[in-house]
Undergrad: 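Input: one structure, supplied below.
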2 protein chains.
Amino acid sequence: MSNTLRALGKLREMIFAGDLPAGSNHLETELAMQLNMSRTPVREALLMLEGQGLLKLQPRKGVRILPISPSDMADIYDVLTELESLSAERAATAGHPPSALAPLEAAIDDMDKAIAAGDLDAWSEADDRFHKELVRLGGNGRVQAIVDMMSDQVRRARAITLALRPLPTKSNEDHRKVFQAIRDGHGDVAGQTHRAHRRHAKEIIVDVLEKHRLRFI
Amino acid sequence: MSNTLRALGKLREMIFAGDLPAGSNHLETELAMQLNMSRTPVREALLMLEGQGLLKLQPRKGVRILPISPSDMADIYDVLTELESLSAERAATAGHPPSALAPLEAAIDDMDKAIAAGDLDAWSEADDRFHKELVRLGGNGRVQAIVDMMSDQVRRARAITLALRPLPTKSNEDHRKVFQAIRDGHGDVAGQTHRAHRRHAKEIIVDVLEKHRLRFI
DNA sequence: CCATACATTAATGCATGCATTGTAAAATAC
DNA sequence: GTATTTTACAATGCATGCATTAATGTATGG
């Protein structure tokens, strides 16, 4: 495995773990020291991460880890809403055999269990799985790539927002409705239900972020 | 201006101009020679272009310019459809002053003129302008970035498809309907009209690509 | 004659060093 | 004391060179 890829992974971890907090600046040389390699592979990794919107290379000022404002989060949620809803619609009309939908249902079941147990981490993991599986079933590779990228950004915010908002006990009813629509081949229903669900979730998240003045995440 | 950015621009031009045809492979060293700079900035530009989905770095085989299959084009159109329709909806409810909508209407007028004159290039340019302006009015920066990226890929295909399909004389009626809905603040109408318009356009393009067996673009 | 193993070649991954340039600090003038 | 100019420093952009490694061709054995 190449050093560039190692640097890419490590830097992502460091960003998500908060070792490189949003808004902070870091010099290429320092990062290379920390990662124990030369500047070249680090620089290459940084260019990729810049393309993914996680940071910005600012000559002579170091790389700036980009903060996510409530308005950014609203933009991201809007993109996710549309692309996931499209995926739900396509998943419903793609003619997937019932067995292909099992992972989706499993994710919903796991969310129910996590809610019953009050386990935020488990819920969060199962929710990720649900959305990822939904998009996979949609069958559009570009949608998957975009959603993956945006989900990364949301994940940075969720660690904070999860603790600040009520456990989403009701949201799983929506997930189940979407699942049933997909299973029954009702594309329009699947898409519209998911869109409504997501637009509602967006309101809640953005509200939380604004109330707590969480400008930096 | 940095060599990396120059390389980025030049390589893009070369791809769109067909100097680097889809499916072809090129060595870093050769590209560096052609661009009259060292491998480092070329390599950095190539990494960015890889992130944008225009090519793939294949160790020991050179960079491969990615072809776009009809199925790829279908995927891209689906993404554009959803994100542009969202933009139309948001543009309608954003409370833009009428003056802000002038460029949009101008683009539509120019398309009418181009159709009347049978000028394919002028129509293509005005159509680009319409879509770009629509997304700008939608006010979501991430949507703009994604649409820009995907539009690049469509542009590679259009040079071919434009000559193969009938002049889209009817499509401008749809554009005008979308414009009116935005002007009148009817978000739902704007979004749904644009979505229907785009889904129709997708069918035509994908049909053309498949009929002509245009696997590589 | 075919398959497998080895050798050769060349492209890439990466380290390193240097020139450029932006920034900040210091000094000078007002 | 403040503002402006100059100077010095240091981070980056990029060229270069080397080691690694994969692909191709060759040779040998079955």
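All chains are named by letter (A, B, ...) in the order of the sequence lines, taking the proteins before the strands, and each is independently numbered beginning at 1.
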Undergrad: Rounded to whole Å, how long is the line connecting atom CG of N3(B) with atom P of dT21(C)?
TA: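 It is 11 Å, rounded to the nearest whole Å.
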Undergrad: What integer distance in Å separates L27(B):CG from dT24(D):P?
TA: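 Spelled out: CG on L27(B) to P on dT24(D) is 12 Å.
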Undergrad: In plain terms, say whether D119(A) and K113(A) are close enough for a salt bridge, that is, a side-chain N and a carboxylate O under 4.0 Å apart.
TA: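 Judged by the 4.0 Å cut-off on N to carboxylate O distance, D119(A) and K113(A) do not form a salt bridge.
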Undergrad: Would you kindly give the CE-to-C1' distance between M1(B) and dT20(C), to the nearest whole Å?
TA: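 About 17 Å, once rounded to whole Å.
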Undergrad: Using the ring of each side chain (for Trp, its six-membered ring), is H175(B) parallel, tilted or perpendicular to H197(B), with breaks at 30° and 60°?
TA: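 Rings of H175(B) and H197(B): perpendicular, over 60°.
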Undergrad: What is the distance, to the nearest angstrom, from the CZ atom on R6(B) to the P atom on dG13(D)?
TA: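 The answer, rounded to whole Å, is 13 Å.
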Undergrad: How many Å lie between CZ on R39(A) and C1' on dG13(D), as a whole number?
TA: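 Distance check: R39(A) CZ to dG13(D) C1' gives 8 Å.
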Undergrad: Within this structure, what is the CD-to-C1' distance between Q58(B) and dT21(D), rounded to whole angstrom?
TA: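 It is 16 Å, rounded to the nearest whole Å.
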Undergrad: Using a strict 4.0 Å threshold on nitrogen-to-oxygen distance, state whether E50(B) and R64(B) make a salt bridge.
TA: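 R64(B) and E50(B): not salt-bridged.
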Undergrad: Would you kindly give the CG-to-P distance between L35(B) and dA15(D), to the nearest whole Å?
TA: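 These atoms are roughly 11 Å apart.
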Undergrad: At under 4.0 Å, does any side-chain N or O of R43(B) touch on OP1 or OP2 of dG13(C)?
TA: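 Result: yes.
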Undergrad: Could you give the CZ-to-P distance, from R60(A) to dG13(D), as a whole number of Å?
TA: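 My rounded result for the distance is 7 Å.
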Undergrad: Check E89(B) with R199(A), please: is the shortest side-chain N to carboxylate O separation under 4.0 Å?
TA: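 Yes, this pair counts.
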Undergrad: Tell me which of K61(B) and M37(A) sits closer to the 5' end of DNA chain C, going by the nucleotide each one is nearest to.
TA: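 Of the two residues, K61(B) wins.
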Undergrad: Look at the side-chain N and O atoms of T29(A) and state whether any lies under 4.0 Å from the OP1 or OP2 oxygen of dA10(D).
TA: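 It does not, given that no N or O in the side chain of T29(A) lies less than 4.0 Å from OP1 or OP2 of dA10(D).
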Undergrad: Does a nitrogen or oxygen in the side chain of T40(A) sit under 4.0 Å from OP1 or OP2 of dT16(C)?
TA: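 No, T40(A) has no side-chain N/O under 4.0 Å of OP1/OP2 on dT16(C).
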